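None of the values given here were measured: they were computed from a predicted structure. The basis for the numbers below is simple: all heavy atoms, side chains too, and nothing from hydrogens, waters or symmetry mates. Labels below follow one simple rule: chain letters A, B, ... track the order of the sequence lines, proteins then strands, and each chain is numbered from 1.
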Protein chains: 2
Amino acid sequence: MFIELDLQSETPIYAQLVDQIVEGIASGALQPGDPLPSVRRLAEDLGINLHTVNKSYNLLKQEGFLQVHRKKGVIVQPDGMPGVTEAFEEKLRRQLRSLAAAAAVRGMTEEVFAQESRSVYRNTITNHGGEQH
Amino acid sequence: MFIELDLQSETPIYAQLVDQIVEGIASGALQPGDPLPSVRRLAEDLGINLHTVNKSYNLLKQEGFLQVHRKKGVIVQPDGMPGVTEAFEEKLRRQLRSLAAAAAVRGMTEEVFAQESRSVYRNTITNHGGEQH
DNA sequence: ATATGTGTTATACATGTAATATAACAGACA
DNA sequence: TGTCTGTTATATTACATGTATAACACATAT
């Protein structure tokens, strides 16, 4: 599994899990329809509790990134990912505003900030070695 | 005062305060050397507790955005803001990665994401009406 | 000197979140 | 019949958040 947790981090475990699964989908390491480990399996692999994994899966299900099949278990959304909703736009802008302000105060120019965003996006999409076809 | 808090928000009050003060500096509404209200005064104005304001001030002081003078009280850093440190770069990239991945999964292109970042930066810098010289 | 206003520190309390630990349930399946 | 699935319930521990009082040291103005 490509998931690595930092138990010392200030960001909650369940949030790290959510982030890394989304990044896995974005990078292509996780394809639509791909199965995910069961909550018990993944919890044991990562050395964390069943409920922590379940919380992450539920958040991703609620966002429309995952589906829960009684047969197939938990799989990556096969029927098309949710689009850029108004709610997402607002959340995106709110978080970007906080980052942009801190960057601007520290003297980072608009060009550098925009380029940094573009660069991070590209690195996220780019396969980070480890997916198999 | 230009600060507006959302007590229903999931983001802590002290974090909202930190964000809005940084945005105030970025926009120019708060200039280097400008005084900030005392912890007791601002707390009363906002209808929150003294310690919540103090926590925000301390975080900003620790980052180098504010100074505490025994005479002048709390003022906006007059001796040059901290630059783009390695620690800030890491934090910036880590947060951008999370946003970029979610945006990519939802179908937002690299161009749109970069443009969105640029746009938000510009709006942050632009004076939002309300500062006085 | 006295009173007032600074930031700062200490203590305590209430509330909510995060994470863990067991346990049980209903549905699918071999 | 077991076994594995997601799901739910309950309890506990630890920590973060926010509030409430109180006090301290320092500066300033009356």
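- Under the 4.0 Å criterion applied to side-chain N and carboxylate O atoms, B/Arg40 and B/Glu44 are not assigned as salt-bridge partners.
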inquiry  = Please encode protein proximity along nucleotides 23-30 of chain D as a string of B, S and -, counting only heavy-atom distances under 4.0 Å.
reply    = B--SSS--

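- A sub-4.0 Å separation between OP1 or OP2 of C/dG7 and a side-chain N or O of B/Asn54 is absent.
- To the nearest 0.5 angstrom, B/Leu17 atom CG is 10.5 Å from B/Leu59 atom CG.
- Going from atom CD of B/Glu44 over to atom P of D/dT21 covers 14 Å, rounded to whole Å.
- Distance CD1 (A/Ile48) to C1' (C/dT20): 11 Å, rounded to an integer number of Å.
- For B/Val68, counting side-chain heavy atoms from C-beta on, the closest listed nucleotide (C/dT8, D/dT7, D/dT19) is C/dT8.
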Taking only distance into account, with no hydrogens and no angle test, what donor-acceptor pairs under 3.5 Å do side-chain atoms of residues 102-110 of chain B form with protein atoms, sequence neighbours excluded?
from     : atom 1 : to       : atom 2 : distance (Å)
B/Arg106 : NE     : A/Gly83  : O      : 2.9
B/Arg106 : NH1    : A/Glu63  : OE1    : 3.4
B/Thr109 : OG1    : B/Val112 : N      : 3.2
B/Glu110 : OE1    : A/Arg122 : NE     : 3.4
B/Glu110 : OE2    : A/Arg118 : NH1    : 3.4
B/Glu110 : OE2    : A/Arg122 : NE     : 3.3
B/Glu110 : OE2    : A/Arg122 : NH2    : 2.4

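- Distance, A/Gln67 CD to D/dG6 C1': 14 Å, rounded to whole Å.
- Salt bridge absent: A/Glu90 and A/Arg94 never bring a charged side-chain N and a carboxylate O closer than 4.0 Å.
- Close to D/dT5, at under 4.0 Å from its OP1 or OP2, lies a side-chain N or O of A/Ser38.
- No hydrogens or angles were tested; on distance alone, a donor-acceptor pair under 3.5 Å links the side chain of B/His51 to the base of C/dT9.
- Residue A/Leu66 contributes atom CG, which lies 16 Å from atom P of D/dT5 at whole-angstrom precision.
- Neither OP1 nor OP2 of D/dG18 sits under 4.0 Å from any side-chain N or O of B/Tyr14.
- To the nearest angstrom, C1' of D/dT17 lies 14 Å from CG of B/Leu5.
- For A/Thr52 and C/dA18, the shortest distance from a side-chain N or O to OP1 or OP2 is not below 4.0 Å.
- For the side-chain contact (heavy atoms from CB on, under 4.5 Å) criterion with B/Leu30, the lone passing option out of B/Val22, B/Ile75, B/Val76 is B/Val76.
- When B/Val68, B/Val18, B/Ile21 are each tested for a side-chain contact (heavy atoms from CB on, under 4.5 Å) with B/Tyr57, only one passes: B/Ile21.
- Protein atom CD1 of A/Ile13 is 14 Å distant from nucleotide atom P of D/dA16, rounded to whole Å.
- Residues from residues 55-64 of chain B with heavy atoms under 4.0 angstrom of DNA chain D, sorted by number: B/Lys55.
- Taking atom CG of A/Asn49 as the reference point, atom P of D/dT8 lies 16 Å away to the nearest angstrom.
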